[in-house]
Q: 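To start, I am sharing the structure in question, which I have written as structure tokens.
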Amino acid sequence: MTGLVRKAMLLAACGLFVAGVAAANVPDPTQSDCPTGCIYVVGSNGTVADPIGTFCVVVRNSNGVPINGALVQIDFSACDVVLCPDQLDPDATVDCNFQSVFKTTPANGTVCFSIMGKSKGGLGCGGAAPNCVKILAEGVVLCTVNAPTFDLNNDGGGVGVGGTDLSAWLDAFFCGTSPLRADYTCDGSVGGDDLSAWLTEYFTGNSAVNCDPKCP
């Protein structure tokens, strides 16, 4: 075997190795775990984010192997949501310009979020289209979901879920258009079960506080 042939084979082997490493770090939506239906946008009790909003994402490559160090983005830019700049999570980063929350996966490829925020104001009977939230890993879309919000008023002063939000929910209900921000059962319509879910959330007090200031 000539030296030239050996070099060619070595270069080819190196190319295959590099390609394999690159593929190992590419998220595969079919192998990754993502929430389905919807994720709740919540407030806090003043110390920690409301646990009802907790969801997890597991990022894996095409071989089903968890990816370490993958940047996971929860993108609300197409939603009725205004995010809190401080998510009360030291591992989470918020980009208000893109209305997104970011975290990086550890070795097991799993990151969990509880997204704090509130609804935009002045929406009337309109609202975001279905599946407005994009969940991405390293820029690859893993899934899309809805984003119902318990704090339906775009108020300030750190006020979370309260009586005025109930009034806003009733307004959404009587619209007859079923704005998805008020659909807590994630079935595509706004009805009695959603009211029950809102009341349960109100009486827990877990979202009694919300961000002030909030993202613009």
Side-chain angles (χ1 to χ4, degrees), residues 1 5-42 44 47-79 81 83-117 128-149 180 183-188 206 215:
M1 183 182 295
V5 172
R6 282 197 298 269
K7 287 180 180 178
M9 292 178 65
L10 179 60
L11 288 172
C14 288
L16 290 172
F17 175 76
V18 171
V21 170
N25 291 313
V26 176
D28 185 337
T30 66
Q31 297 291 332
S32 300
D33 292 341
C34 210
T36 58
C38 67
I39 57 175
Y40 296 131
V41 178
V42 297
S44 75
T47 303
V48 295
D50 189 339
I52 198 174
T54 301
F55 65 93
C56 297
V57 178
V58 185
V59 183
R60 301 186 183 93
N61 65 18
S62 59
N63 293 319
V65 178
I67 299 177
N68 182 28
L71 183 64
V72 177
Q73 175 185 4
I74 316 299
D75 179 0
F76 291 88
S77 59
C79 299
V81 172
L83 294 174
C84 296
D86 181 3
Q87 292 288 315
L88 301 181
D89 179 349
D91 296 323
T93 301
V94 178
D95 188 322
C96 288
N97 291 327
F98 291 97
Q99 289 292 327
S100 294
V101 181
F102 299 85
K103 293 180 79 169
T104 302
T105 59
N108 65 2
T110 303
V111 285
C112 297
F113 298 81
S114 190
I115 306 291
M116 291 176 55
N131 298 316
C132 66
V133 181
K134 288 193 295 186
I135 299 179
L136 309 94
E138 293 296 313
V140 176
V141 177
L142 301 182
C143 64
T144 58
V145 293
N146 294 325
T149 310
L180 294 174
D183 173 23
Y184 309 117
T185 56
C186 310
D187 61 1
N206 289 333
C215 282

Q: Tell me if the SG of C84 lies under 2.5 Å from the SG of C215.
A: no

Q: Kindly say whether F102 contributes a backbone atom to a donor-acceptor pair with the side chain of T93 at under 3.5 angstrom?
A: no

Q: At what distance, to the nearest 0.5 angstrom, does SG of C38 lie from CG of L180?
A: 9.5 Å

Q: With a 3.5 Å distance limit and no angle check, can you tell me whether Y184 reaches the backbone of T149 through a side-chain donor-acceptor pair?
A: yes

Q: Report the distance from atom CD of E138 to atom CD1 of I67, rounding to the nearest 0.5 Å.
A: 7.5 Å

Q: Determine yes or no for a side-chain-to-main-chain donor-acceptor pair under 3.5 angstrom, with N108 supplying the side chain and T110 the backbone.
A: yes

Q: Measure the shortest side-chain to side-chain distance between L83 and C96 over non-hydrogen atoms and say whether it is less than 4.5 angstrom.
A: no

Q: Can you list the residues that meet the side chain to side chain donor-acceptor pair (under 3.5 Å) rule with T185, with sequence neighbours excluded?
A: D183, D187, D194

Q: Sequence neighbours left out, what passes side chain to side chain donor-acceptor pair (under 3.5 Å) with D28? Give chain and number order.
A: T30

Q: For T105 and G69, indicate whether the former's side chain and the latter's backbone hold a donor-acceptor pair under 3.5 Å.
A: yes

Q: State the SG-CG distance between C34 and L136, to the nearest 0.5 angstrom.
A: 9.0 Å

Q: Do the side chain of D75 and the main chain of V133 share a donor and acceptor less than 3.5 angstrom apart?
A: no

Q: So do the side chains of Y40 and P148 get within less than 4.5 Å of each other, counting heavy atoms only?
A: yes

Q: Report yes if the side chains of S32 and V58 come closer than 4.5 Å at any heavy-atom pair, otherwise no.
A: no

Q: Measure the spacing between CD1 of I39 and CD1 of I52 and express it to the nearest 0.5 Å.
A: 13.0 Å

Q: Mind checking the CD1-OG1 spacing from I135 to T144? Nearest 0.5 Å is all I need.
A: 8.5 Å

Q: Would you compute the distance between atom OG of S44 and atom CG of D50 and round it to the nearest 0.5 angstrom?
A: 8.5 Å

Q: Quick one: salt bridge (charged side-chain N to carboxylate O under 4.0 Å, His left out) partners of K134, sequence neighbours excluded?
A: none

Q: Search all heavy atoms of V41 against all heavy atoms of M116 and return the closest pair with its distance.
A: CG1-C, 4.2 Å

